[in-house]
Amino acid sequence: MSMATDRRSTILDSIAAAARLAKRDPADVQLIAVTKTHPASEIEPLIAAGQRDFGESRVQEAQDKWPALRAAHADLRLHCIGRLQSNKAADAVALFDTIHSLDRVSLLDALVAAATASGRVPSVYVQVNIGDEPQKGGVPLDNLPAFLDRVRASPLPLIGLMAIPPLGPQPGPYFALLAKLAKRHDVTGLSMGMSSDYPTAIMLGATAVRVGTAFFD
Ligand SMILES: *Cc1c(COP(=O)(O)O)cnc(C)c1O
């Protein structure tokens, strides 16, 4: 076993424990292994151990690593979790099954155009700028209702909301706010929680956690 597969067991145990505390079914929490900066040789043992959902931040890096891995394993699901430029939309649609970082109309339009041209239709999370941080991606809270309407009117299946809380010791209130927004807007998916805080995110309703460091470092 590699270190990462060992770690995977520990992470799955923590996910199950957090779900049990929240009276939730652990199967309702998708574990996305974030493999940015890690080569295929470190990813292969995870696939062999049964991991199927993987996240990457950068289109170029994902293009270098994933076509060969996908060719060898047809049932993998690849998630784009990083900021996405509109001019990379076609490449992203060709590669990713799910986009977690949809946060503006220009990107929505570019993804729809790429999906129409290619016939590959990614599902999407709308990223919310939950901490109102100017340097971060995400739809401003005030614009969320109108933006969700636009996404719903598009051919891209909307899974739910995604957020990255401000750095700090207290992500809980931000996770709770994202869950409240999802409920208010009638979406069920909640992509929230990373290595340092995924148990908290699960207790507050996360349906997808994006975990990198806890696998590898
Ligand atoms: C890198 C990254 C993660 C994983 O973070 P870790 O702290 O390494 O678990 C999750 N989400 C996003 C958007 C990231 O860029």
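Just so you know, ligand 1 is whichever comes first in the structure, and atom 1 is the first atom listed for that ligand. For reference, positions follow the sequence shown, starting with 1.
- Scanning all heavy atoms of the two residues, the minimum distance from Met3 to Phe215 falls at CE-O, 3.9 Å.
- Put simply, the side chain of Tyr198 does not reach to within 4.5 Å of the side chain of Val29, judged on heavy atoms.
- Remark: ligand 1 atoms within the under-4.0 Å shell around heavy atoms of Thr213 are 6 (P), 7 (O), 8 (O), 9 (O).
- Taking only nitrogen or oxygen atoms, main chain and side chain alike, Ala214 does not reach within less than 3.5 Å of ligand 1.
- The 12-atom threshold is exceeded at CD of Glu133, counting heavy atoms of other residues, nucleotides or ligands nearer than 6.0 Å.
- With ligand atoms numbered from 1 in the order given, ligand 1 contributes 9 (O) to contacts under 4.0 Å with heavy atoms of Val211.
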Evaluate the side chain to side chain donor-acceptor pair (under 3.5 Å) criterion for residues Arg210 and Ser191: first the C-alpha distance (whole Å), next the side-chain angles of each, then the deciding distance (0.1 Å), finally the verdict. CA-CA 7 Å; Arg210 310 176 309 267; Ser191 169; 2.9 Å; yes
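- For Lys36, every heavy-atom contact with ligand 1 shorter than 4.0 Å involves the side chain, none the backbone.
- Surrounding CZ of Arg150 are at most 12 heavy atoms belonging to other residues, nucleotides or ligands under 6.0 Å away.
- Looking at every heavy atom in both residues, Leu167 comes nearest to Lys136 through N-NZ, 4.3 Å.
- Those atoms of ligand 1 that come under 4.0 Å of a heavy atom in Ser57, given as number and element, are 15 (O).
- Residue Ile164 approaches ligand 1 through these ligand atoms, each under 4.0 Å from one of its heavy atoms: 13 (C).
- Among protein heavy atoms, the minimum distance from atom 10 (C) of ligand 1 is reached at Met194 SD, 3.2 Å.
- Polar contact check, Ser195 against ligand 1: a nitrogen or oxygen pair lies under 3.5 Å apart.
- Atoms of ligand 1 found under 4.0 Å from any heavy atom of Arg210, numbered from 1 in the order shown, are 4 (C), 9 (O), 10 (C), 11 (N), 12 (C), 13 (C).
- Here the protein heavy atom with the shortest distance to atom 12 (C) of ligand 1 is Ile81 CD1, 3.5 Å.
- Classified by interplanar angle (parallel below 30°, tilted 30° to 60°, perpendicular above 60°), the ring pair Trp66/Phe54 is tilted.
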